[in-house]
A.B. asks: 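Structure below; questions to follow.
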Amino acid sequence: MCGITGWVAFDADLRTSGDVVAAMTATMDRRGPDESGTWIRRHVALGHRRLAVIDLAGGKQPMTVTTPAGEVAIAYSGEAYNFRELREELRRRGHRFLTSSDTEVVLRGYLEWGDAVAERLNGMFAFAVWDARDEKLVLVRDRLGVKPLYCYPTPDGIVFGSEPKAILANPAVRPVVGLDGLRELVAFTMTPKWALWKGMREVEPGTLLTVDRAGLRERVYWRLETAAHPDELDGTVATVQSLLTDTVARQLVADVPLCVLLSGGLDSSAVTGLAAAHLAEAGEKVRTFSVDFVGREETFRADEARTTPDTPYIRDVVAAVGAKHEFVTLDASPLTDPALRREVIRARDLPIGFGEMDTSLLLLFQAIRRESTVALSGEAADEVFGGYRWFHDQDVVRTAGFPWLVYPSAMSGDRAAVMSPDVRSRLDVAAYTADQYATAVAQVEHLPGDSAVERRMRTISHLHLTRFVRMMLDRKDRISMAAGLEVRVPFCDHRLVEYAYRAPWRMKSFDGREKSLLRHAVPHVLPRSVRHRLKASYPSTQDPSYNVELQRQAGEVLADRQHPVAALIDHAWLRSAIAMDPAATPASVRRGIDRVLDLYHWFELYRPSIELD
């Protein structure tokens with residue numbers, strides 16, 4: 001797991017720009033704390049920061065191969081879980097390997113199959129290949145978008161990086177945010193290709209870009225497609241079990257300490273149970289970690305996102321599988337530390353406004369990193385199997401709109417409320433959201449004879465797998481990598497995603513519960529309590545002192561009339577939020593305050609120019 005960056009300029013000699021490339025690469029030191037490398041030729045420069053996971057001694061990058069027609073170089077981030085099978089196939093085709101790393105397998109695979117190597121990879125990855133034989137750059141991103149990749153086209157080439165901060169370190173790139181950037185930041189529709197910064201774009205999942213003297217070309221090598229489901233219910237459950245068992249086993253390969261993130265919910269418990277069973281065959285115990293808050297179990301109050309505390313269920317799983325477990329218990333006070341908030345904003349390059357759910361996640365990952373370098377997560381199971389509450393809320397299902405914005409929660413409501421009236425008017429978030437919804441729905445394929453219910457639920461599933469999950473994966477990747485921790489996501493195995501997506505909704509909810517297929521595929525590795533537990537969101541502190549400190553900091557922002565953020569926010573809204581009883585502040589208001597504070601610190605970190613015309 002690493003960070004990559006680079007620069008192609010056909011009208012310049014980049015051999016004199018080593019300091020720029022080094023600066024771009026250095027922005028991602030936390031993604032790759034183990035090693036740094038750059039590779040520069042006349043019209044191309046590649047940078048790499050490495051988190052060593054496979055072949056600790058031999059996986060240095062950028063990695064090159066010299067051919068009779070010119071050099072081929074790669075900067076690679078991620079993991080190819082089928083690299084061993086591909087290496088054997090390439091050996092049979094005559095390739096000789098100097099390392100045991102998956103990076104060399106991908107590079108040799110490119111030499112053998114060209115950019116079609118992307119279709120052969122099973123994993124999470126983002127990589128860049130410079131092919132001097134044709135003077136071209138190829139950028140490739142994995143199918144689900146587990147690993148991030150951004151680019152900034154220029155008149156004579158491109159600047160790219162795992163994160164926007166690497167691109168922004170290039171003097172050819174101006175840190176400008178326009179109306180489109182702000183619209184999506186507020187609207188939360190997860191528009192494909194969107195990047196906050198003007199002129200920048202995300203390389204879409206399942207896509208590769210080719211850049212040469214003729215310009216930039218895009219090829220989609222994978223997309224979510226609708227097809228007839230081949231199996232009856234029993235066969236479907238058995239196939240889900242087989243696919244998930246296989247992908248968890250594949251993702252347990254590492255040359256460094258490895259663990260599982262365990263919340264006590266169905267998803268993480270399933271991964272834990274399958275991992276424990278696989279490791280037990282080698283006489284090993286699974287290592288697990290979870291996050292909790294001081295006194296939370298004793299003082300827990302049910303809310304809109306959680307009906308039960310996590311801790312009892314975590315204990316049940318640990319006892320059932322014999323895990324070596326550690327609770328990372330947090331106090332509320334560090335969660336409001338402005339320095340920690342800035343760390344999260346710096347990690348994500350965004351003033352996104354998830355508050356203590358992001359700061360606690362970073363603290364959790366930092367604690368885990370002291371013991372492990374790789375962690376498996378249950379992320380994306382809700383998108384794949386229909387686990388979110390709004391999948392099962394008939395009012396939401398019947399409403400035309402993005403379900404996560406229709407369902408009443410801290411994430412929905414008037415997300416633009418914190419912006420000034422003038423900015424709100426210019427953004428016109430309602431029109432933007434409606435346009436994005438129409439565009440997203442038009443991309444969904446249906447089968448002849450599908451019922452109205454099936455068509456609607458397929459649409460909702462498609463929205464989650466092509467939009468919502470990308471935000472969740474980006475959050476997970478950026479915050480974990482800020483701690484130097486690689487997080488793997490078995491539920492994003494494209495084979496499992498394709499199979500589950502094509503299964504009819506009646507199978508995904510056949511027992512009247514959420515995630516029916518998953519629940520019935522893994523009972524052999526779960527305690528009974530977890531098999532019957534309701535969906536619970538990532539934990540959030542319920543300590544009123546958090547709101548008190550949040551409101552105090554918001555008061556400081558309100559008083560600083562000379563700060564650039566003052567022109568963006570609604571001062572009347574913020575005064576009203578500060579005046580609320582801290583013990584009774586709604587979650588939506590707390591998230592609004594978080595967005596204001598994030599904007600404030602984001603300005604301090606990035607000094608962006610805002611263009612509202």
A.B. asks: Starting at CZ of Arg143, measure out to CG of Leu121 and round the result to the nearest 0.5 Å.
C.D. replies: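 Going from CZ on Arg143 over to CG on Leu121, the span is 7.0 Å.
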A.B. asks: Got more than 12 heavy atoms from elsewhere within 6.0 Å of CD, Glu232?
C.D. replies: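 No, the 6.0 Å shell around CD holds no more than 12 heavy atoms from other groups.
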A.B. asks: Between Asp316 and Ser529, which heavy-atom pair has the shortest distance, and what is it?
C.D. replies: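 That would be OD2-OG, 2.7 Å.
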A.B. asks: Heavy atoms, side chains only, cut-off 4.5 Å: are Ile569 and Val557 in contact?
C.D. replies: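 Sidechains of Val557 and Ile569: in contact.
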A.B. asks: Work out which heavy atom in Pro192 is nearest to a heavy atom in Gln436; give both atom names and the distance.
C.D. replies: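 The pair with the smallest heavy-atom distance is CD-OE1, 4.4 Å.
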A.B. asks: Can a salt bridge be assigned to the pair Arg513 and Asp511 using a cut-off of 4.0 Å between side-chain N and carboxylate O?
C.D. replies: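 No, Arg513 and Asp511 are not salt-bridged.
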A.B. asks: Could you go through the side chain to side chain contact (heavy atoms under 4.5 Å, CB included) check for Val344 and Asp598 one step at a time?
C.D. replies: CA-CA 9 Å; Val344 170; Asp598 280 356; over 6 Å; no
A.B. asks: Just by modelled atom types, is the Asp234 backbone N or O under 3.5 Å from a matching donor or acceptor in the His520 side chain?
C.D. replies: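 Not confirmed, His520 side chain does not pair with Asp234 backbone.
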A.B. asks: Do the non-hydrogen side-chain atoms of Phe491 and Phe385 ever get within less than 4.5 Å of each other?
C.D. replies: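 In contact.
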A.B. asks: So, taking the atom named CG in Leu485 and the one named CD1 in Ile479, what distance separates them when rounded to the nearest 0.5 Å?
C.D. replies: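 Those atoms lie 12.0 Å apart.
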A.B. asks: Dump the intermediate steps for side-chain hydrogen bond (donor to acceptor under 3.5 Å, both in side chains) on Asp349 and Tyr606, then the final yes or no.
C.D. replies: CA-CA 9 Å; Asp349 296 308; Tyr606 290 91; 2.4 Å; yes
A.B. asks: Regarding Arg141 and the six-membered ring of Tyr150, is the cationic atom NZ or CZ under 6.0 Å from the ring centre and inside 45° of its axis?
C.D. replies: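 So Arg141 doesn't make the cation-pi contact.
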A.B. asks: Compare every heavy atom of Ala416 with every heavy atom of Val429, then report the nearest pair and how far apart it is.
C.D. replies: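 Looking at all heavy atoms of both residues, the closest pair is CG2-CB, 4.2 Å.
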A.B. asks: Less than 4.0 Å between a side-chain N and a carboxylate O, is that true for Arg250 and Asp493?
C.D. replies: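 Between Arg250 and Asp493 there is no salt bridge, as every charged N stays at least 4.0 Å from the carboxylate O atoms.
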A.B. asks: Heavy atoms only: give me the nearest Arg456-Ala400 pair and the separation to one decimal.
C.D. replies: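 Minimum heavy-atom contact is NH2-CA, 4.4 Å.
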A.B. asks: Quick one: salt bridge (charged side-chain N to carboxylate O under 4.0 Å, His left out) partners of Glu356, sequence neighbours excluded?
C.D. replies: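 For Glu356 the salt bridge (charged side-chain N to carboxylate O under 4.0 Å, His left out) partners, ignoring immediate neighbours, are Arg590, Arg591.
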A.B. asks: Within the 4.5 Å heavy-atom criterion, are Asp382 and Lys515 side-chain neighbours or not?
C.D. replies: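 SC-SC contact between Asp382 and Lys515 confirmed.
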A.B. asks: Less than 4.0 angstrom from a charged side-chain N to a carboxylate O is my criterion; do Glu343 and Arg30 meet it?
C.D. replies: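 The answer is yes: the pair qualifies as a salt bridge.
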A.B. asks: For the residue pair Phe365 and Leu261, establish whether any side-chain heavy-atom pair is separated by less than 4.5 Å.
C.D. replies: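 Yes. Closest side-chain heavy atoms under 4.5 Å.
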A.B. asks: Do Leu599 and Met419 come close enough that some side-chain heavy atom pair is under 4.5 Å?
C.D. replies: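 In short, these two side chains touch, coming nearer than 4.5 Å.
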A.B. asks: Has Tyr538 got a side-chain atom pairing as donor or acceptor with Leu361's backbone, closer than 3.5 angstrom?
C.D. replies: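 Looks like yes, one N/O pair under 3.5 Å.
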A.B. asks: I'd like to know if the side chain of Ser480 reaches the main chain of Asp477, judged simply by a donor and an acceptor atom lying under 3.5 Å from each other, with no hydrogens or angles considered.
C.D. replies: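 Yes; at least one donor-acceptor contact below 3.5 Å.
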A.B. asks: May I have the step-by-step check of salt bridge (charged side-chain N to carboxylate O under 4.0 Å, His left out) for Glu498 and Arg502, ending in yes or no?
C.D. replies: CA-CA 6 Å; Glu498 290 172 345; Arg502 292 168 182 172; 5.1 Å; no
A.B. asks: Would you say the side chain of Leu144 lies within less than 4.5 Å of the side chain of Pro205, judging by non-hydrogen atoms?
C.D. replies: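 No. Closest side-chain heavy atoms not under 4.5 Å.
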A.B. asks: Do the charged groups of Glu556 and Arg552 touch, with an N to O distance under 4.0 Å?
C.D. replies: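 Answer for the salt bridge query: yes.
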A.B. asks: Looking at every non-hydrogen atom in both residues, tell me the closest pair between Val248 and Pro490 and how far apart they are.
C.D. replies: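 In this case the closest contact between Val248 and Pro490 is CG2-CB, 3.9 Å.
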A.B. asks: Distance check, rounded to the nearest 0.5 Å: Lys324 atom NZ versus Phe289 atom CZ?
C.D. replies: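 Reported to 0.5 Å precision, the distance equals 8.5 Å.
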A.B. asks: Is a side-chain N or O of Arg342 found less than 3.5 angstrom from the main chain of Leu605, in a donor-acceptor match?
C.D. replies: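 Such a contact is absent between Arg342 side chain and Leu605 backbone.
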A.B. asks: Do Phe293 and Ser360 come within less than 4.5 Å of each other through their side chains, counting heavy atoms only?
C.D. replies: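 Result yes, sub-4.5 Å side-chain heavy-atom pair found.
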A.B. asks: Can you name the one residue among Glu204, Glu383, Glu379 that meets salt bridge (charged side-chain N to carboxylate O under 4.0 Å, His left out) with Arg470?
C.D. replies: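 The salt bridge (charged side-chain N to carboxylate O under 4.0 Å, His left out) with Arg470 is passed solely by Glu204 among Glu204, Glu383, Glu379.
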A.B. asks: Between the main-chain N or O of Met481 and the side-chain N or O of Arg31, is there a donor-acceptor pair closer than 3.5 Å?
C.D. replies: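 Absent.
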A.B. asks: Can you tell which of Asp358, Asp594, Thr359 makes a side chain to side chain donor-acceptor pair (under 3.5 Å) with Arg341?
C.D. replies: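 With Arg341 as partner, Asp358, Asp594, Thr359 yield a single side chain to side chain donor-acceptor pair (under 3.5 Å), made by Asp594.
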A.B. asks: What's the spacing between Arg415 CZ and Thr189 OG1 if we round to 0.5 Å?
C.D. replies: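 The distance works out to 10.0 Å.
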A.B. asks: Which is it for Thr311 and Asp292 under the side-chain hydrogen bond (donor to acceptor under 3.5 Å, both in side chains) test, yes or no, and what are the steps along the way?
C.D. replies: CA-CA 8 Å; Thr311 308; Asp292 200 3; 2.9 Å; yes
A.B. asks: Just how far is it from atom CG of Leu279 to atom CG of Leu274, taken to the nearest 0.5 Å?
C.D. replies: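 Atom-to-atom, Leu279:CG and Leu274:CG are 11.0 Å apart.
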A.B. asks: Which atoms form the tightest heavy-atom contact between Leu362 and Leu340, and what is the distance?
C.D. replies: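 Minimum heavy-atom contact is CD2-CD1, 3.8 Å.
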A.B. asks: Side chain of Lys147, backbone of Ser162: donor and acceptor closer than 3.5 Å?
C.D. replies: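 No, the answer is negative, given that no donor and acceptor are paired below the 3.5 Å cut-off.
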A.B. asks: Donor-acceptor check, side chain of Thr336 to backbone of Ser333, threshold 3.5 angstrom: yes or no?
C.D. replies: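 Yes; judged by distance alone, with no hydrogens or angles, the pair exists.
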A.B. asks: Between Trp505 and His229 (judged by ring centroids, cut-off 6.0 Å), do the two rings come close enough to count as a pair?
C.D. replies: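 They do not qualify: ring centres at least 6.0 Å apart.
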A.B. asks: Quick one: does Thr585's side chain have a donor or acceptor within less than 3.5 Å of a partner on Asp581's backbone?
C.D. replies: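 Between the backbone of Asp581 and the side chain of Thr585 there is a qualifying donor-acceptor contact (under 3.5 Å).
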A.B. asks: Given side chain to side chain contact (heavy atoms under 4.5 Å, CB included), test Thr288 with Ile314 step by step and report yes or no.
C.D. replies: CA-CA 10 Å; Thr288 54; Ile314 292 170; over 6 Å; no
A.B. asks: Do Tyr388 and Tyr407 make the cut of ring centroids closer than 6.0 angstrom?
C.D. replies: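 When the ring centroids of Tyr388 and Tyr407 are compared, they turn out to be at least 6.0 Å apart.
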A.B. asks: Counting N and O atoms only, with roles assigned by atom type, does the side chain of Ser263 sit under 3.5 Å from a partner on the main chain of Gly265, one being a donor and the other an acceptor?
C.D. replies: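 Answer holds: yes.
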A.B. asks: For Leu405 and Tyr437, run side chain to side chain contact (heavy atoms under 4.5 Å, CB included): C-alpha distance rounded to whole Å, both residues' side-chain angles, the deciding distance at 0.1 Å, then the answer.
C.D. replies: CA-CA 11 Å; Leu405 298 180; Tyr437 180 72; over 6 Å; no
A.B. asks: Would you say the side-chain atoms of Arg533 pair up with the backbone N or O of Leu266, donor to acceptor, closer than 3.5 Å?
C.D. replies: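 No, because the side chain of Arg533 does not come within donor-acceptor range (under 3.5 Å) of the backbone of Leu266.
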A.B. asks: Is there a side chain to side chain contact (heavy atoms under 4.5 Å, CB included) between Arg519 and Glu514? Walk through the geometry before answering.
C.D. replies: CA-CA 8 Å; Arg519 196 178 304 277; Glu514 76 282 1; 3.0 Å; yes
A.B. asks: side-chain hydrogen bond (donor to acceptor under 3.5 Å, both in side chains) between Gln251 and Thr247: does it pass, once the steps are laid out?
C.D. replies: CA-CA 6 Å; Gln251 296 190 25; Thr247 193; 3.2 Å; yes
A.B. asks: Could you measure the distance from the CZ atom of Arg595 to the CG atom of Leu185? Nearest 0.5 Å is fine.
C.D. replies: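 Result: 9.0 Å between the selected atoms.
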A.B. asks: State, yes or no, whether a side-chain contact exists between Ser290 and Asp310 at a heavy-atom distance under 4.5 Å.
C.D. replies: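 A side-chain contact is absent here, since even the closest heavy-atom pair is not under 4.5 Å.
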